[in-house]
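Please read the structure below before turning to the comments.
None of these values were measured; they are calculated from a predicted model. All chains are named by letter (A, B, ...) in the order of the sequence lines, taking the proteins before the strands, and each is independently numbered beginning at 1.
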Protein chains: 2
Amino acid sequence: MQAIIASTSTIHGSSYLEYLLPSLETHFADVQDVLFIPFARLGGISHDEYTEKAKEGLKPCGKDVRGLHEFEDPIKAIASAEAIFVGGGNTFLLVKQLHELGLMNVLRTAIDAGASYLGTSAGSNICGLTMQTTNDMPIVYPPSFKTLGLFDFNINPHYMDTDSNSTHKGETREIRIKEFQNLNSVIVVGLREGSWLKVADAKITLEGGLPARIFEPGQPPYEIDSNAILNFN
Amino acid sequence: MQAIIASTSTIHGSSYLEYLLPSLETHFADVQDVLFIPFARLGGISHDEYTEKAKEGLKPCGKDVRGLHEFEDPIKAIASAEAIFVGGGNTFLLVKQLHELGLMNVLRTAIDAGASYLGTSAGSNICGLTMQTTNDMPIVYPPSFKTLGLFDFNINPHYMDTDSNSTHKGETREIRIKEFQNLNSVIVVGLREGSWLKVADAKITLEGGLPARIFEPGQPPYEIDSNAILNFN
């Protein structure tokens with residue numbers, strides 16, 4: 001399994017995918033064609049517009065990008081892809097379509113078989129056991145919250161630290177994750193914007209120069225440093 | 001129908017329900033017993049702990065508060081309640097239990113029949129057509145996102161304005177609501193913390209001294225002032 005699982009597609013003051021390009025050069029070194037799955041519809045844009053954005057973003061790598069919606073047979077398109085990029089947007093929308101089109105297992109099988117995977121935000125969220133630690137609004141009702149389960153934990157992308165100066169009374173991210181863990185015994189990796197997980201076969205490394213926040217059920221959360229290997233066994 | 005539908009139970013620098021007490025004195029003037037529904041489990045606390053908190057909060061009004069979980073027959077308890085308070089916490093958890101216990105319609109019927117309703121946060125979210133404009137994390141999978149539909153719009157509680165100084169790349173609240181409306185032709189009322197809707201029969205008034213942000217599908221969002229009557233027909 002070869003995957004880059006990023007908290008966000010874009011960091012402040014930088015263009016779409018720009019901060020990931022050096023890593024993507026290596027990650028996608030042996031592939032020419034990248035299959036883009038635009039179902040999360042970043043900011044509500046159309047599948048065509050979103051695919052155009054992905055194309056632009058990956059242009060410096062010199063890859064050919066096609067959107068999954070352009071294929072007559074999406075199952076075949078995923079099964080035969082050498083590289084797959086699932087973009088961000090709304091995780092409920094993404095997961096609903098992957099399930100309804102019967103693509104969740106197909107995607108998992110393709111990644112297991114060696115397709116190089118890139119996920120950003122919602123596309124990273126679906127790499128965990130479930131989408132239950134998404135930050136997104138439930139704008140559609142998916143048939144299940146189960147996702148790819150590339151590893152035995154969940155991702156919280158765009159992880160935000162508690163702002164001790166805030167006067168807002170909505171739940172902090174940390175409280176939300178703890179509420180999830182009251183009911184689900186699942187480890188959660190809070191990935192700050194600018195961080196990504198690099199999965200190389202069974203080895204999962206935190207990259208991007210920032211620490212990540214780890215929530216193990218029933219334990220106080222703790223930080224791991226960039227370049228740490230994630231191993232919860 | 002008599003309801004107070006509040007963005008939050010608590011505002012900054014004030015204790016639980018404190019800012020609502022003057023309005024609750026009037027709202028609950030003719031009732032002695034308040035049935036509290038603790039299913040959203042604020043901050044993950046137990047039903048007993050949460051009911052204790054509600055009791056404390058309503059103590060200055062001199063009401064008798066009992067938790068729904070204390071009753072053998074929850075359907076009967078709701079149907080015979082003179083006043084019902086649904087507290088905040090996680091909307092997915094609240095909605096899952098209301099549906100699974102067959103209480104959503106029972107609650108609607110009780111409110112229609114004249115039970116005085118108080119909702120805060122998640123308890124306000126469920127007053128709309130669906131819970132799809134919640135800010136909460138999907139920590140459990142409800143059988144449906146449909147809610148009470150006391151009126152023909154949705155609530156976004158704890159509404160937060162876009163912070164133009166933020167460097168965070170996660171979606172703003174406004175973008176999330178627009179993404180919801182790309183796929184659902186439903187008006188959304190963004191209720192800022194400190195605001196509530198006062199429902200008196202067919203009349204819905206914004207109270208609390210703050211403006212609210214109104215999102216009508218396909219139109220730019222706009223503000224309404226405190227004391228405005230909501231009428232989208």
Side-chain angles (χ1 to χ4, degrees), chain A residues 7-14 40-46 88-93 95-96 120-121 130-146 156-160 166-173 175-184 186 188 192-194, chain B residues 7-14 40-46 88-93 95-96 120-121 130-146 156-160 166-173 175-184 186 188 192-194:
Chain A
S7 173
T8 181
S9 61
T10 314
I11 56 170
H12 180 69
S14 161
R41 296 183 56 187
L42 186 73
I45 59 177
S46 72
N90 186 284
T91 310
F92 290 86
L93 194 52
V95 167
K96 180 172 193 272
T120 57
S121 192
T130 71
M131 57 161 287
Q132 289 176 271
T133 47
T134 179
N135 312 307
D136 295 339
M137 203 172 248
I139 63 173
V140 293
Y141 184 72
S144 163
F145 286 163
K146 283 198 187 143
N156 179 249
H158 300 280
Y159 182 76
M160 286 182 88
S166 172
T167 59
H168 190 72
K169 302 299 282 186
E171 290 86 352
T172 64
R173 191 68 58 83
I175 287 175
R176 291 170 196 273
I177 292 170
K178 282 182 184 169
E179 287 182 13
F180 166 74
Q181 289 182 330
N182 276 341
L183 300 168
N184 304 273
V186 171
V188 179
R192 295 183 176 89
E193 293 183 349
Chain B
S7 173
T8 182
S9 61
T10 315
I11 58 171
H12 181 69
S14 162
R41 295 182 59 187
L42 186 72
I45 60 177
S46 72
N90 186 283
T91 310
F92 291 86
L93 194 52
V95 168
K96 181 172 192 275
T120 58
S121 193
T130 71
M131 57 161 286
Q132 289 176 271
T133 47
T134 177
N135 312 306
D136 294 340
M137 203 172 248
I139 63 173
V140 293
Y141 184 71
S144 163
F145 286 162
K146 283 196 186 143
N156 179 249
H158 300 282
Y159 182 76
M160 285 182 88
S166 172
T167 60
H168 190 72
K169 303 299 281 186
E171 290 85 353
T172 64
R173 190 68 59 82
I175 287 176
R176 291 169 195 273
I177 293 170
K178 282 183 184 169
E179 288 183 14
F180 165 74
Q181 290 183 329
N182 276 341
L183 300 167
N184 304 275
V186 172
V188 179
R192 294 183 176 90
E193 293 182 348

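- Annotation: maximal heavy-atom pairing with chain A below 4.5 Å, among B:Thr10, B:Ile175, B:Asn182, occurs at B:Thr10.
- Using a 4.5 Å cut-off between heavy atoms, A:Asn135 contacts chain B through both its backbone and its side chain.
- For the atom pair B:Thr167 OG1 and A:Glu193 CD, the distance stands at 7.0 Å (nearest 0.5 Å).
- Heavy-atom distances place both the backbone and the side chain of A:Glu179 under 4.5 Å from chain B.
- No other option in B:Phe180, B:Phe92, B:Phe145 has as many heavy-atom pairs under 4.5 Å with chain A as B:Phe145.
- Contacts of B:Ile11 with chain A are made by backbone atoms alone, with heavy-atom separations under 4.5 Å and no side-chain atom involved.
- Nearest approach of B:Met137 to A:Arg173, heavy atoms of both residues: CE-CD, 4.2 Å.
- Residue contact with chain A, scored on non-hydrogen atoms closer than 4.5 Å, involves the side chain of B:Asn156 exclusively.
- Ranked by non-hydrogen atom pairs under 4.5 Å with chain A, the options B:Gly88, B:Ser121, B:Ser7, B:Ser144 are led by B:Ser144.
- Here A:Gly43 is the residue among A:Ser166, A:Pro157, A:Gly43 with the most heavy-atom pairs under 4.5 Å with chain B.
- Remark: B:Lys146 engages no residue in a salt bridge (Lys or Arg N to Asp or Glu O under 4.0 Å) (not counting sequence neighbours).
- When every heavy atom of A:Gln181 is checked against every heavy atom of A:Val186, the shortest pair comes out as NE2-O, 2.9 Å.
- A donor-acceptor contact under 3.5 angstrom links the side chains of B:Thr134 and B:Thr91, judged on distance only.
- Contact annotation for B:Asn184: only side-chain heavy atoms (C-beta onward) come within less than 4.5 Å of a heavy atom of chain A.
- For the set B:Thr133, B:Asn90, B:Leu93, the entry with the most heavy-atom pairs within less than 4.5 Å of chain A is B:Thr133.
- Of all the heavy atoms in A:Asp136 and B:Glu171, the pair that sits closest is OD1-OE1, 3.9 Å.
- Here the closest non-hydrogen pair linking B:Lys96 and B:Pro143 is CA-CD, 4.0 Å.
- A:Tyr141 and B:Tyr141 have their aromatic ring centers within a separation under 6.0 angstrom.
- When each of B:Arg41, B:Met160, B:His158, B:His168 is scored by its heavy-atom pairs under 4.5 Å with chain A, the top score falls to B:His168.
- Note on A:Gly44, A:Gly89, A:Pro138: by heavy-atom pairs under 4.5 Å with chain B, the leading option is A:Pro138.
- Proximity to chain B (any heavy atom under 4.5 Å) is restricted, for A:Thr8, to the side chain, taken from C-beta onward.
- Residue B:Thr130: no heavy atom, backbone or side chain, is found under 4.5 Å from chain A.
- A search for ring pair (Phe, Tyr, Trp, His ring centres under 6.0 Å) contacts involving B:His12 returns nothing, not counting sequence neighbours.
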